[in-house]
2 protein chains.
Amino acid sequence: MQPQHQSKTRLLDAALLVFRSRGYAGSTVEDVCAEADLTKGSFFHHFKTKEELAIAAAQHFSDRADALFTHAPYIDLPDPRDRLLAYVDFRIAILKGELRDYTCLLGTLVQETYQTHPAIRAACERHLTTHVDMLARDIAAAKARYAPDAAWTPESLGFHIQATIQGAFILAKAKNGAAVAVQCLAHLRRYLELLLVR
Amino acid sequence: MQPQHQSKTRLLDAALLVFRSRGYAGSTVEDVCAEADLTKGSFFHHFKTKEELAIAAAQHFSDRADALFTHAPYIDLPDPRDRLLAYVDFRIAILKGELRDYTCLLGTLVQETYQTHPAIRAACERHLTTHVDMLARDIAAAKARYAPDAAWTPESLGFHIQATIQGAFILAKAKNGAAVAVQCLAHLRRYLELLLVR
DNA sequence: AGAGGCATACCGACTGGTTGGTATTGTGTC
DNA sequence: GACACAATACCAACCAGTCGGTATGCCTCT
């Protein structure tokens, strides 16, 4: 990536927070500008439309997540099963602070725009699938070792993990706290342990 | 509940569809009126504000869901474990037609309004929790019979089930089809089978 | 070095369409 | 005629996007 201007990055970071707090339609361009300490003039210099911002923000979020998970401490574990369980532990561990700091932009965006903004939907689908593909590699390796004959596919389990995480965020929003999400991911971890028996 | 006017019910039914298609902020009052074949004059006769509509729609949705699940065929099954598995099967079976016909209004609403509309958030939390409580009764009975010493609580498993369903809806929206949701719920069913061993 | 020219970045007032909500006026029913 | 319901017209606020303008840096030609 060529070094993009600091202001553009500030706008994207602001968009992550604002969209995750108020949703897409509920956020105004000026909300994002205020969060980034810039003006609308500057905003429309960098982005043609609000929709373009959302698509760029999805990419930005995905890049950040990639960096986070590919540099997480557990990637060095030799056993793919251990890596998978550590991934869930890691996802539990980062459920700290405000909801807008740890919830998923992609889930938030796609939920409310899947029907009205096909381009945003497609971007979210792409990034979510990329993340699941990453998971599915470890899952496939773990399955080969611990449950080679099981009926389920690695990809389907990857999506299941992703679904549980997304749903945990919704419940956390409903209950205004991460506790319920922690419980859900604990169940998810238990499922993985039961599927991949040592 | 006293017999409410037909037009009010039409508006509520319309709100279910419109909010699930376009979200809360993305829907206009006139969208709902058009779907219900009424005008704004009539709308504001029945509801003071758009927010009040959303809260009433959450109640309406919850009532419908209650009716659906308390009259589902499987409630007669004697074994609570069977009832629980049949519940998941039933949830899989109703993933037909358009997304706006089977996704959950509560998850959609709370996702984008938890920060900006506390009253809507609270309504969604209440109805979601009620549904989980209903599940938790069967879970508790099944746990007592098949896994009395397990570490998890019935309530936490109820929320986990709910989370997986909500997340499956998000993925279905991202992929524009129910297939991925079916796979997710199949994993959920497998987890329940593994937890409650006959 | 310095003048001139040009592109990028940024600002903030403005516009035109939209939208939640109101006021007013029917209309059917008891 | 009182009341509930519904339709139309309307208003004020809001918001995405525009536009004219300024500041700053960079390149080129002398």
Side-chain angles (χ1 to χ4, degrees), chain A residues 1-19 21-58 60 108-109 112-113 115-120 123, chain B residues 1-58 60 108-109 112-113 115-121 123:
Chain A
M1 188 193 323
Q2 71 270 44
Q4 75 186 354
H5 250 260
Q6 188 206 336
S7 294
K8 189 164 185 176
T9 309
R10 280 226 313 276
L11 285 166
L12 287 171
D13 285 335
L16 293 194
L17 292 177
V18 172
F19 284 152
S21 292
R22 300 195 261 283
Y24 176 75
S27 303
T28 72
V29 169
E30 273 173 329
D31 288 338
V32 176
C33 294
E35 180 75 35
D37 246 317
L38 289 167
T39 59
K40 270 171 83 165
S42 176
F43 176 90
F44 281 102
H45 172 76
H46 292 288
F47 301 99
K48 268 207 288 294
T49 63
K50 183 183 171 186
E51 186 181 26
E52 190 184 297
L53 169 70
I55 293 167
H60 187 60
T108 304
L109 283 181
E112 64 170 308
T113 63
Q115 187 74 246
T116 48
H117 296 76
I120 298 179
Chain B
M1 188 191 324
Q2 70 268 49
Q4 73 187 357
H5 209 265
Q6 187 207 335
S7 293
K8 187 164 185 175
T9 309
R10 280 228 312 278
L11 286 166
L12 287 171
D13 285 335
L16 294 194
L17 292 177
V18 172
F19 285 153
R20 286 191 286 180
S21 293
R22 300 195 261 282
Y24 177 75
S27 303
T28 72
V29 170
E30 273 175 329
D31 288 339
V32 176
C33 294
E35 180 75 35
D37 246 317
L38 288 168
T39 58
K40 269 169 71 167
S42 175
F43 176 90
F44 281 102
H45 173 75
H46 293 287
F47 300 99
K48 268 206 289 293
T49 63
K50 183 184 173 187
E51 185 180 26
E52 190 184 299
L53 169 71
I55 293 167
H60 188 61
T108 303
L109 282 181
E112 64 170 306
T113 63
Q115 188 74 246
T116 47
H117 296 75
I120 298 179
R121 200 222 91 241

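Chain A is the first sequence line, chain B the second, and so forth, proteins listed ahead of strands; every chain is numbered from 1.
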Notebook entry, point to check: Could you give the NZ-to-C1' distance, from A/K48 to D/dG17, as a whole number of Å?
Noted result: 13 Å
Next item on the list: List the steps and the verdict of side-chain contact (heavy atoms from CB on, under 4.5 Å) for A/T28 and A/R22.
Entry: CA-CA 9 Å; A/T28 72; A/R22 300 195 261 283; over 6 Å; no
Margin query: Without decimals, in angstroms, what is the distance between A/F43 CZ and D/dC15 P?
Written below: 14 Å
Margin query: By nearest atom, which of the nucleotides C/dC10, C/dG20, D/dT18 is closest to the A/H45 side chain?
Written below: C/dC10
Checklist line | Atom-pair distance (CD on B/Q6; C1' on C/dG28), nearest Å | finding: 15 Å
Check: Can you tell me if the side-chain N/O atoms of B/H46 get under 4.0 Å from OP1 or OP2 in D/dA4?
Finding: no
Next item on the list: Check step by step if side-chain contact (heavy atoms from CB on, under 4.5 Å) holds for A/T49 and A/E52.
Entry: CA-CA 5 Å; A/T49 63; A/E52 190 184 297; 3.5 Å; yes
Is there any protein nitrogen or oxygen under 3.5 Å from a nitrogen or oxygen in nucleotides 11-15 of chain C, and what are the pairs?
| residue | atom | partner | partner atom | Å |
| --- | --- | --- | --- | --- |
| C/dC11 | OP2 | A/T39 | N | 3.3 |
| C/dC11 | OP2 | A/T39 | OG1 | 3.2 |
| C/dC11 | O5' | A/T39 | OG1 | 3.4 |
| C/dG12 | N7 | A/G41 | N | 3.4 |
| C/dG12 | O6 | A/G41 | N | 3.4 |

Check: D/dA4 C1' sits how many Å from B/K8 NZ, rounded?
Finding: 13 Å
Check: Which is it for A/H46 and A/L53 under the side-chain contact (heavy atoms from CB on, under 4.5 Å) test, yes or no, and what are the steps along the way?
Finding: CA-CA 9 Å; A/H46 292 288; A/L53 169 70; over 6 Å; no
Check: Between atom CG in A/L53 and atom P in D/dC15, what is the gap in whole Å?
Finding: 16 Å
Under 3.5 Å between N/O atoms: give me all the protein pairs with nucleotides 22-25 of chain D, atom names plus distance.
none

Check: Is there side-chain contact between B/D13 and B/E35, with heavy atoms separated by less than 4.5 Å?
Finding: no
Check: B/H117 vs B/Y24 aromatic rings, parallel, tilted or perpendicular, using cut-offs 30° and 60°?
Finding: perpendicular
Item checked: B/G26 versus A/A25, closest heavy-atom pair with distance -> N-CB, 3.6 Å
Notebook entry, point to check: Looking only at side-chain N and O atoms, does B/T28 come under 4.0 Å of OP1 or OP2 in C/dT18?
Noted result: no
Next item on the list: Would you give the length of the straight line joining atom OG of B/S27 to atom CG of B/L17, rounded to the nearest 0.5 angstrom?
Entry: 10.5 Å
Next item on the list: Would you check if A/E30 and A/F43 make a side-chain contact, meaning some heavy-atom pair closer than 4.5 Å?
Entry: no
Item checked: Spacing between A/F44 atom CZ and D/dG20 atom C1', to the nearest angstrom -> 17 Å
Checklist line | Euclidean distance, atom CZ of residue A/F47 to atom C1' of D/dT18 [Å, nearest integer] | finding: 18 Å
Item checked: For the student: nearest non-hydrogen atoms of B/A36 and B/L11, plus distance -> CB-CD2, 3.8 Å
